[in-house]
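Please read the structure below before turning to the comments.
Position 1 is the first residue of the sequence, and the numbers go up from there. Predicted model only: the values in this text are computed from it and were never measured.
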Amino acid sequence: MNRKNALAAGVAAALALGSVTLVATQSAAAPRPTAASGESAARPGAGFQAMTADARGEAIRTATRNAAATARALGLGSDERLVAKDVLIDADGARHVRYDRTYRGLSVIGGDLVVHIAKDGTITGSDLAHQGAIRIAGTTPRLTAADASARAVKHARHVKKAKAGSKDSTLVVYAVGKIPVLAYRSTVTGAGETGPASREAVIVDATSGAALDQYELHQSVTGTGNGVTVGQVSIETTQTAGGYTLTDVAHGGTIVYDSYNSPQSNPRQNARAFSKATNSWGNGASSSRESAAVDASYGLAKTWDYYKNAFNRSGIRNDGRGAPAYVHVDNSLVNAFYDDNCFCMYFGDGSSQNGNTPVTAVDVAGHEMSHGVTAATANLTYSGESGGLNEATSDIFGTMVEFSADNTGDPGDYYIGEKLNMSGGYMRRMDSPAADGRSLSCWNSSAGSVDVHLSSGIGNHFFYLAAEGTGAKTIGGRSHNGTTCNNDTFTGIGKDKAAAVWYRALSTYMTSTTNYAGARTATLQAAADLYGTNSQERYLVSKAWAAVSVGTALPDPGTPTPSPSTPTPSPTTPPSGNALTNGSFEQGTSGWTQSDSIITNSSLQAARDGSWYAWMMGYGADAIESLSQSNVAVPSTGTPKLTFWLKVTTQESGSTAYDTLKVKVNGTALATYSNADASSGYVQKTVDLSAYQGQTVKLEFAGTEDTYLSTIFLVDQITIG
């Protein structure tokens with residue numbers, strides 16, 4: 001599901017709440033506080049005040065008193081109510097209030113949200129599972145509760161239907177996705193994957209009875225694991241009627257399966273879930289099939305925790321859902337891999353080449369799960385330079401997970417797979433990639449032609465230098481040497497800051513075809529966002545890129561600006577010729593004003609390019625929406641035109657225009673598209689702007705939908721030139 005950091009740009013609502021005033025602003029543009037060069041200030045998720053039960057209770061009561069005003073500030077509907085669930089308070093007094101939503105008294109699945117409030121009562125941002133107000137046609141179901149229970153049993157996936165029963169069918173609003181619907185939530189019980197008393201939640205449409213969602217219900221407990229590479233650790237498991245399973249409810253319901261050496265071509269062929277009567281797993285050696293499963297369960301949980309604590313990301317797709325993992329894949333497989341098609345991860349057992357050590361180390365688990373994060377964000381194509389960046393991203397965050405896990409048996413370092421007993425002692429080495437005799441430490445014109453695991457060395461080398469700087473040092477008990485391709489020397493900004501820059505660049509600016517030059521541009525912009533355009537952090541990021549032969553270093557912001565006669569490298573790419581700001585939406589809502597949560601990176605639809613796009617209409621009810629950009633300078637030469645890509649999908653039929661999308665300039669409609677323009681994919685549209693040559697105008701996309709049947713208009717890659 002789509003989650004955004006801030007309220008819609010330009011929204012502001014001042015509400016008197018006793019001594020508290022709430023003001024909605026867009027927090028995404030606010031730079032983070034700059035810490036001294038080196039390690040970063042406290043990461044997001046750290047630094048909360050300790051609260052007694054009484055203090056927490058009072059904080060929740062205060063949030064409850066403020067709930068109605070908060071709902072108005074967020075632009076929620078008059079039929080909605082907020083129910084305070086939890087409050088976290090930062091050391092500086094800022095509050096993070098978690099609410100659930102109701103609609104006309106019904107619980108809203110996917111209606112949870114978090115409001116971020118500064119010490120002075122100013123709302124600095126919000127995260128909503130469902131953006132905007134809830135709108136449904138009515139709360140009278142066509143199905144009865146008994147009908148819903150019967151449908152729920154039919155749709156159950158994890159409980160054997162022959163002996164299943166359903167109870168507690170409750171009317172709810174299902175708001176997972178853009179269009180909320182009236183639904184029933186039922187609990188189906190019976191024999192299943194987790195034992196004879198398995199339970200499964202099934203959500204069915206209250207009108208059609210169609211299945212909307214289903215998931216197992218578990219009771220999470222903590223077990224003891226003895227892994228091959230992680231040693232003895234605590235792991236999250238699930239208690240069932242017959243014992244325990246390796247199901248981690250605390251981390252999105254991640255389940256670890258034994259592939260039972262199914263072939264790599266069909267790794268789930270013989271798979272079954274791990275289960276046993278006791279809650280102690282593995283013996284620390286490969287002789288127990290559970291030992292590798294302990295490694296995987298622990299590593300994936302630590303990866304989840306890292307993304308959550310560092311970036312407030314809830315799982316691979318930021319939807320709170322864990323991806324299943326399979327250990328013991330194939331025979332003698334010295335590999336692990338992530339497959340976005342099945343949303344799952346696979347781990348081999350190793351071979352005689354590495355002492356038959358399972359490929360389940362913490363940094364490997366972090367590496368594979370991070371491939372999923374890349375697929376859900378920039379979706380870097382797995383070939384050429386973008387493929388090298390894809391692999392480097394996984395190495396970068398796999399390394400950060402290893403540091404974050406702080407496992408005494410596997411301390412953090414910049415070696416990849418050093419616990420796997422590989423020939424040479426590691427799979428890759430970030431401080432000096434070329435030390436393996438194959439990987440690239442420096443960019444060259446052939447970088448896009450080599451294997452992506454080898455060209456990843458350029459990105460890995462950049463990250464190490466950005467984080468640690470140059471020179472020899474010992475990290476995690478291993479020797480590291482930050483040499484450069486240009487003989488430069490400099491300090492690093494610290495691994496946490498470097499990771500924050502890379503994550504923001506990946507999730508906000510990179511696209512599927514980004515190359516190393518584009519990655520430089522993206523990270524420089526990310527560093528400017530986080531620490532300031534003239535910050536040392538941004539300057540040192542440019543130094544690290546220059547040190548791997550990608551671009552040149554920016555001027556040191558601590559020195560005087562060179563005279564015009566002294567050439568300096570440009571800190572940004574040349575202008576693209578597009579008069580619009582953020583025409584492809586890859587910077588989120590930047591530059592645009594929207595009436596609702598129109599700009600999105602939701603996986604429910606697809607962008608024409610990159611991850612972000614504009615999703616207009618699709619309610620199947622009376623609705624209007626607007627997406628606009630003001631102060632757009634139409635070129636004064638040539639034949640200016642507006643070009644964009646449009647995809648129309650509809651439930652309507654025939655050629656009558658029931659639902660429309662109008663393109664307006666200064667309020668005048670220049671083009672109209674409707675349900676009659678439905679297409680299987682994106683179609684390029686062009687609008688002549690000659691009448692506005694040399695003028696500064698307001699561009700608007702205005703959508704209107706009638707009472708019945710839905711039409712969705714998807715817009716992407718808008719240019720004026």
Is there a donor-acceptor contact under 3.5 Å from the side chain of [X] to the main chain of [Y]?
{"X": "Tyr415", "Y": "Ser479", "answer": "yes"}
{"X": "Asp295", "Y": "Val230", "answer": "yes"}
{"X": "Asn582", "Y": "Phe585", "answer": "yes"}
{"X": "Lys543", "Y": "Asp488", "answer": "no"}
{"X": "Asp330", "Y": "Gln264", "answer": "yes"}
{"X": "Ser262", "Y": "Asn270", "answer": "yes"}
{"X": "Ser386", "Y": "Ser383", "answer": "yes"}
{"X": "Thr484", "Y": "Asn487", "answer": "yes"}
{"X": "Lys419", "Y": "Val362", "answer": "no"}
{"X": "Ser297", "Y": "Ala293", "answer": "no"}

Problem - Counterpart residues, ring pair (Phe, Tyr, Trp, His ring centres under 6.0 Å), relative to Trp545 (two or more places apart) - result: Phe462
Completion exercise
Residues at least two apart in sequence or cross-chain that pass ring pair (Phe, Tyr, Trp, His ring centres under 6.0 Å) with Tyr326, listed by chain then number, are Tyr257, Tyr346
Within the structure provided, determine whether [X] and [Y] are in side-chain contact (heavy-atom separation under 4.5 Å).
{"X": "Thr229", "Y": "Val364", "answer": "no"}
{"X": "Ile255", "Y": "Thr245", "answer": "no"}
{"X": "Asn601", "Y": "Trp612", "answer": "yes"}
{"X": "Met400", "Y": "Tyr503", "answer": "no"}
{"X": "Arg538", "Y": "Asn534", "answer": "no"}
{"X": "Pro557", "Y": "Gln536", "answer": "yes"}
{"X": "Ile396", "Y": "Asn460", "answer": "yes"}
{"X": "Arg438", "Y": "Asp451", "answer": "no"}

Value rounded to 0.5 Å, distance of [atom1] in [X] from [atom2] in [Y]:
{"X": "Asp305", "Y": "His251", "atom1": "CG", "atom2": "NE2", "result": "3.5 Å"}
{"X": "Tyr298", "Y": "Ile235", "atom1": "OH", "atom2": "CD1", "result": "11.5 Å"}
{"X": "Ile316", "Y": "Trp304", "atom1": "CD1", "atom2": "CH2", "result": "8.5 Å"}
{"X": "Ser456", "Y": "His461", "atom1": "OG", "atom2": "NE2", "result": "12.5 Å"}
{"X": "Ser449", "Y": "Asn444", "atom1": "OG", "atom2": "CG", "result": "9.0 Å"}
{"X": "Lys302", "Y": "Asp406", "atom1": "NZ", "atom2": "CG", "result": "8.5 Å"}

So, [X] and [Y]: side-chain donor and acceptor under 3.5 Å apart, yes or no?
{"X": "Asn481", "Y": "Ser432", "answer": "no"}
{"X": "Glu402", "Y": "Asn407", "answer": "no"}
{"X": "Gln717", "Y": "Tyr682", "answer": "no"}
{"X": "His328", "Y": "Asp349", "answer": "yes"}
{"X": "Asn283", "Y": "Trp281", "answer": "no"}
{"X": "Asp529", "Y": "Tyr509", "answer": "yes"}
{"X": "Thr357", "Y": "Asn421", "answer": "yes"}
{"X": "Asn356", "Y": "Ser286", "answer": "no"}

Exercise for the section: Take the angle between the ring planes of Phe397 and Phe311 and call it parallel below 30°, perpendicular above 60°, tilted in between. Expected result: perpendicular
Exercise for the section: For the residue pair His371 and Tyr382, categorise the inter-ring angle as parallel (less than 30°), tilted (30 to 60°) or perpendicular (more than 60°). Expected result: perpendicular
Nearest atoms (heavy-atom pairs only) where [X] meets [Y]:
{"X": "Phe463", "Y": "Lys495", "answer": "CZ-O, 4.0 Å"}
{"X": "Pro358", "Y": "Leu420", "answer": "O-CD2, 3.5 Å"}
{"X": "Leu333", "Y": "Val359", "answer": "O-CG2, 3.9 Å"}
{"X": "Pro433", "Y": "Leu440", "answer": "CB-O, 3.7 Å"}
{"X": "Gly417", "Y": "Met422", "answer": "O-CG, 4.2 Å"}
{"X": "Ser455", "Y": "Gly384", "answer": "OG-O, 4.3 Å"}

Handout entry: Matching residue for Leu380 among Thr513, Asn515, Thr374, Thr511 - test: side-chain contact (heavy atoms from CB on, under 4.5 Å)
Key = Thr374
Problem - Partner residues of Asp395 under the salt bridge (Lys or Arg N to Asp or Glu O under 4.0 Å) criterion, sequence neighbours left out - result: Arg428
Practice task
With side-chain contact (heavy atoms from CB on, under 4.5 Å) as the test, would you mind laying out the steps for Asp436 and Arg429 before giving the verdict?
Solution key: CA-CA 8 Å; Asp436 64 8; Arg429 181 173 164 178; over 6 Å; no
Practice task
Using the side-chain contact (heavy atoms from CB on, under 4.5 Å) rule, take Leu540 and Thr491 through it: C-alpha gap first, then chi angles, then the decisive distance, then the call.
Solution key: CA-CA 8 Å; Leu540 290 171; Thr491 59; 4.1 Å; yes
Practice task
Might you confirm whether atom CD of Gln353 has over 12 heavy atoms from other residues, nucleotides or ligands at distances under 6.0 Å?
Solution key: no
Practice task
Just do the ring-ring contact (aromatic ring centres under 6.0 Å, His included) check on Tyr539 and Tyr531 with the steps written out, would you?
Solution key: CA-CA 10 Å; Tyr539 165 64; Tyr531 308 112; over 10 Å; no
Handout entry: Worked verdict on Leu465 versus Phe490 for side-chain contact (heavy atoms from CB on, under 4.5 Å)
Key = CA-CA 9 Å; Leu465 293 171; Phe490 51 89; 4.0 Å; yes
Exercise for the section: Tell me, with the steps shown, if Arg478 and Asp413 meet salt bridge (Lys or Arg N to Asp or Glu O under 4.0 Å). Expected result: CA-CA 7 Å; Arg478 296 180 181 272; Asp413 54 48; 3.4 Å; yes
Handout entry: side-chain contact (heavy atoms from CB on, under 4.5 Å) assessment of Thr399 paired with Ile416
Key = CA-CA 7 Å; Thr399 292; Ile416 309 299; 3.3 Å; yes
Problem - Ring centers of Tyr338, His367 separated by less than 6.0 Å - result: no
